[in-house]
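To start, the structure under review is shown below, and the notes come after it.
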Amino acid sequence: MATIHNLPARSSSIDSSPHRPHDRENGGNGGGGDMLEPRVARLEANVEHIASDVADIKANLRISMADLSSLKVDSALVKKDITDVKSDTSTLRVDFKSVEDRLDGVEESIKSFKTTVKASVAVISVAVVIFGFIAGPYLAKVATILNALALKS
């Protein structure tokens, strides 16, 4: 926050020296006579500068208050956006968990299918071997008969 000490000086016409030659305590005559008009004029000029500085301070304060109000609104909007993002993130976590569970189910189904295929191949292989063992001699006789018939023609 700006203080009066941080504001730029308006004019160097203000007498800020600790020694005041016109006051009675320092041997002066109190500034009477022909010294009174210049002193009053200087005081009037200083008051004008002070009034101008106060007006500038008020204007700057109004601008600062408007900026502060705008920042409060923006801050509230950011907080709402963050809350929305957190909510959306929670929803996404639930959705990702659901997808992950479904993928686990698909993996289990694929493993089960592989096991089923392996078992089916094993059963078919055993069946072919057994069929070949039992039907082998008969198939050989059938092949011989078919060859004989084919050769007669």
Side-chain angles (χ1 to χ4, degrees), residues 1-136 138-139 142-143:
M1 174 180 268
T3 62
I4 292 179
H5 300 292
N6 294 338
L7 295 175
R10 284 269 191 185
S11 167
S12 60
S13 66
I14 300 174
D15 184 13
S16 61
S17 66
H19 176 65
R20 292 181 173 69
H22 301 294
D23 62 8
R24 290 180 187 202
E25 293 175 8
N26 290 324
N29 64 2
D34 60 344
M35 294 298 293
L36 185 59
E37 286 297 322
R39 289 179 64 204
V40 169
R42 249 191 353 249
L43 286 173
E44 287 175 346
N46 288 342
V47 168
E48 285 179 25
H49 286 295
I50 291 170
S52 174
D53 288 346
V54 168
D56 290 345
I57 290 169
K58 283 182 176 181
N60 288 337
L61 186 58
R62 279 188 204 103
I63 292 169
S64 296
M65 293 303 289
D67 288 348
L68 183 60
S69 294
S70 176
L71 285 174
K72 284 181 180 179
V73 169
D74 290 347
S75 175
L77 291 173
V78 166
K79 285 180 181 178
K80 184 185 179 315
D81 288 346
I82 288 172
T83 302
D84 291 347
V85 167
K86 285 181 179 178
S87 174
D88 291 346
T89 301
S90 296
T91 303
L92 286 174
R93 284 186 183 143
V94 170
D95 291 346
F96 282 138
K97 179 64 177 154
S98 173
V99 168
E100 184 179 19
D101 291 344
R102 290 174 65 192
L103 285 176
D104 288 344
V106 168
E107 286 177 351
E108 288 299 319
S109 295
I110 290 172
K111 287 179 184 177
S112 175
F113 179 72
K114 285 181 178 179
T115 303
T116 302
V117 168
K118 286 178 184 177
S120 298
V121 167
V123 168
I124 291 171
S125 295
V126 168
V128 167
V129 168
I130 291 173
F131 179 74
F133 183 72
I134 293 173
Y138 298 111
L139 290 176
V142 169

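Fair warning: this is a prediction, and the values are worked out from it, not measured in the lab. All values below were derived from every heavy atom in this structure, side-chain atoms included, with hydrogens, water molecules and symmetry-related copies excluded.
At a threshold of 4.5 Å between non-hydrogen side-chain atoms, the residues Asp104 and Glu107 count as touching. Using a 4.5 Å cut-off on side-chain heavy atoms (C-beta onward), Arg42 and Arg39 make contact.
In terms of the side-chain contact (heavy atoms from CB on, under 4.5 Å) criterion, residue partners of Ile130 (sequence neighbours excluded) are, by chain and number, Val126, Ile134.
Side-chain atoms of Ser52 never come within 3.5 Å of backbone atoms of Glu48 as a donor-acceptor pair (strictly under, hydrogens ignored).
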Extract all donor-acceptor atom pairs below 3.5 Å that involve side chains of residues 61-70 and protein atoms in other chains or at least two apart in sequence.
{"from": "Ser64", "atom 1": "OG", "to": "Asn60", "atom 2": "O", "distance (Å)": "3.0"}
{"from": "Ser69", "atom 1": "OG", "to": "Met65", "atom 2": "O", "distance (Å)": "3.1"}

N/O donor-acceptor pairs under 3.5 Å from side chains in residues 84-95, not counting sequence neighbours:
{"from": "Asp84", "atom 1": "OD2", "to": "Lys80", "atom 2": "NZ", "distance (Å)": "3.0"}
{"from": "Thr89", "atom 1": "OG1", "to": "Val85", "atom 2": "O", "distance (Å)": "2.7"}
{"from": "Ser90", "atom 1": "OG", "to": "Lys86", "atom 2": "O", "distance (Å)": "3.2"}
{"from": "Thr91", "atom 1": "OG1", "to": "Ser87", "atom 2": "O", "distance (Å)": "3.1"}

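Rounding to the nearest 0.5 angstrom, the gap separating the CD atom in Glu44 from the CG atom in Asn46 is 10.5 Å.
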